[in-house]
Amino acid sequence: MKPAPISSSSPRRIAIIRLSSAGDIVLTSPAIESLQKAWPDSKIIYVTKAAYQPLVEPNPAIAEVLPWTETDTFKTIRKKLVDRKIEAILDLHNSQRTKALRWSLPSIRSVVWQKRPLLTNLTVRWMLRPHNPEMTIAARYHQAVEELVGAPLSFGHLRYFLRPTEAREAAALLEESGLDLNKPIIGVSPGAKWNTKRWPAERFGEVIRRTHELGFQSIITGSPDEMNLAQTLQENSPESVNLIGKVPFNLLGGIISLCNAFLANDSGPMHISRGLGVPTLAIFGSTAPQQFHFDGHGLLFTNESCAPCHFYGRHECPKKHLECLTNISVEKAWRALEPLLDGNRRPFVNG
């Protein structure tokens with residue numbers, strides 16, 4: 001499909017709004033690419049929570065990141081958008097706050113992404129029907145961009161951009177942690193926001209131990225509240241270097257970029273890894289892998305009759321067995337990971 005022609009009426013300044021979470025923000029990168037190619041003269045201003053600013057700031061298609069801080073309300077953000085003379089809003093979050101913001105600016109054209117039908121929300125959340133999405137999240141973001149531009153567009157690519165000095169800073173941190181940058185490294189992220197997205201940490205450790213036998217080093221990444229998962233992993237893989245608490249959020253992409261492969265649950269780091277072209281094995285339990293593209297990468301999903309049981313994940317398994325994850329054996333994971341240890345970067349996917 002050829003890119004849409006440049007419109008003579010393209011807005012001079014466009015606000016893209018996606019407040020959270022890390023993975024969803026990374027998944028907006030294909031839509032940003034499509035929009036920038038369609039309207040290269042438009043200035044894109046990205047509105048997100050201040051904590052997630054490092055995820056999008058290095059993207060060359062984004063002219064400015066407008067952080068939504070803890071003290072901001074839709075009124076203060078509204079004033080900042082008015083001051084910047086925004087002419088169009090692309091709301092890729094569609095929360096109560098972003099709705100209030102859009103409604104307070106009726107003179108500005110706005111387009112909203114379509115999350116999912118109300119009936120799907122009811123049947124999955126309350127009737128425990130499996131969630132079987134018809135298209136990826138990135139494709140639904142793309143639809144919103146096409147609606148804004150008013151023409152069919154070529155799909156963009158899932159990309160994660162690093163700051164100019166980030167890879168060098170990450171390399172220095174790894175060397176300080178005892179890693180040899182001349183030897184292959186595998187990264188592992190055993191955590192996820194929701195318990196029903198976490199493959200047992202001890203199994204991560206058993207898989208990683210096998211990579212050590214092939215000459216790999218390994219690093220563990222995650223948020224501070226996932227320290228217990230890292231410690232459990234290390235019981236089965238004591239040579240793994242635990243970087244939890246040592247990696248600033250704005251350096252996570254740089255750390256992952258230095259890995260030869262990456263193993264993770266359905267989580268933000270998994271999307272960052274794919275966005276960097278690092279060969280990635282993603283493990284799915286209560287969420288649907290159909291929401292993303294994995295060409296050149298790997299995924300594990302057992303397709304239990306009750307899964308995927310949610311859009312994002314749950315605190316506990318509604319059936320009390322969590323077989324969607326416990327039925328993924330160490331041997332299955334190892335067979336899926338082995339082809340990804342070839343040291344070759346993967347092409348960028350569409351989301």
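Quick note: residue numbers are just sequence positions, from 1.
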Which distance, rounded to the nearest 0.5 Å, do you find between the [atom1] of [X] and the [atom2] of [Y]?
X	Y	atom1	atom2	answer
Leu299	Ile283	CG	CD1	10.0 Å
Asp72	Ile77	CG	CD1	4.0 Å
Ser329	Trp199	OG	CH2	7.5 Å
Ile208	Ile186	CD1	CD1	4.0 Å
Met270	Ser189	CE	OG	10.0 Å
Phe301	Ser286	CZ	OG	9.0 Å

One pair to check against salt bridge (charged side-chain N to carboxylate O under 4.0 Å, His left out): Glu33 and Lys37. What are the steps and the verdict? CA-CA 6 Å; Glu33 180 184 324; Lys37 286 183 177 179; 3.0 Å; yes
Note, [X] side chain near [Y] side chain (heavy atom, < 4.5 Å):
X	Y	answer
Arg140	Met135	yes
Pro190	Arg198	no
Met227	Asn242	yes
Ser240	Val188	no
Leu233	Ile220	yes
Tyr46	Ile32	yes
Ser218	Arg209	no
Thr196	Thr287	no

Main chain of [Y], side chain of [X]: is a donor-acceptor contact present, judged purely on distance under 3.5 Å?
X	Y	result
Asn265	Ala192	no
Asn236	Glu206	no
Ser177	Leu179	no
Arg109	Leu148	yes
Glu64	Ile62	no
Thr280	Val278	yes
Arg203	Gly205	no
Ser29	Arg159	yes
Ser257	Gly254	yes
Arg163	Asn250	yes

Indicate, with yes or no, if the rings of [X] and [Y] have centres closer together than 6.0 Å.
X	Y	answer
Trp194	Tyr312	no
Phe284	Phe294	yes
His271	Tyr160	no

Which heavy atom in [X] sits nearest to a heavy atom in [Y], and how many Å separate them?
X	Y	answer
Lys80	Leu66	CD-CD1, 3.7 Å
Arg345	Asn260	NH1-CA, 4.3 Å
Asp266	Lys197	O-CE, 2.9 Å
Lys246	Leu173	O-CD1, 3.3 Å
Gly285	Ala307	O-CB, 3.8 Å
Leu19	Arg97	CD1-NH2, 3.7 Å

Membership question, hydrophobic clusters at under 4.5 Å side-chain separation (ILVMFWY): are [Y] and [X] in the same one?
X	Y	answer
Trp39	Ile108	no
Ile44	Ile86	no
Ile14	Val56	yes
Leu263	Leu276	no
Ile137	Tyr52	yes

Hey, is Lys49 close enough to Glu70 for a salt bridge, meaning N to O under 4.0 Å?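 Answer for the salt bridge query: no.
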Is the shortest side-chain N to carboxylate O distance from Glu323 to Lys319 below 4.0 Å?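 A salt bridge is absent here (no side-chain N lies under 4.0 Å from a carboxylate O).
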Show, in sequence, the C-alpha distance, side-chain angles and deciding distance for His142 and Ser34, and conclude whether the side chain to side chain contact (heavy atoms under 4.5 Å, CB included) test is met. CA-CA 8 Å; His142 182 81; Ser34 298; 3.5 Å; yes
Full working for side chain to side chain contact (heavy atoms under 4.5 Å, CB included) between Leu281 and Phe262: CA-CA 6 Å; Leu281 175 60; Phe262 199 76; over 6 Å; no
Going by atom types alone, do Asp225 and Ser223 pair a side-chain donor with an acceptor below 3.5 Å?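 Per modelled atom types, Asp225 and Ser223 side chains form a pair under 3.5 Å.
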With a 3.5 Å cut-off and no angle check, do the side chains of Glu304 and Asn327 form a donor-acceptor pair?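 Yes, side-chain donor-acceptor contact under 3.5 Å.
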Is it the case that atom [atom1] in [X] sees more than 12 heavy atoms from other parts of the structure closer than 6.0 Å?
X	atom1	value
Lys115	NZ	yes
Glu239	CD	no
Glu331	CD	yes

Out of Val112, Val145, Val47, which one pairs with Leu90 under the side-chain contact (heavy atoms from CB on, under 4.5 Å) rule?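 It is Val145, the one option of Val112, Val145, Val47 that forms the side-chain contact (heavy atoms from CB on, under 4.5 Å) with Leu90.
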The test is side chain to side chain donor-acceptor pair (under 3.5 Å); show your working for Arg18 and Asn94 and say whether it passes. CA-CA 8 Å; Arg18 180 71 217 191; Asn94 198 19; over 6 Å; no
Given the rule in the side chain to side chain contact (heavy atoms under 4.5 Å, CB included) test, do Arg274 and Phe292 qualify, once you have shown the distances and angles that lead to the verdict? CA-CA 10 Å; Arg274 290 187 304 127; Phe292 319 109; 3.9 Å; yes
Stepwise side chain to side chain contact (heavy atoms under 4.5 Å, CB included) test for His297 and Arg346: CA-CA 7 Å; His297 301 280; Arg346 288 350 189 212; 3.7 Å; yes
All pairs passing ring pair (Phe, Tyr, Trp, His ring centres under 6.0 Å) where residues 100-124 contributes a residue, at least two apart: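 Only Trp113-Tyr141 qualify under ring pair (Phe, Tyr, Trp, His ring centres under 6.0 Å).
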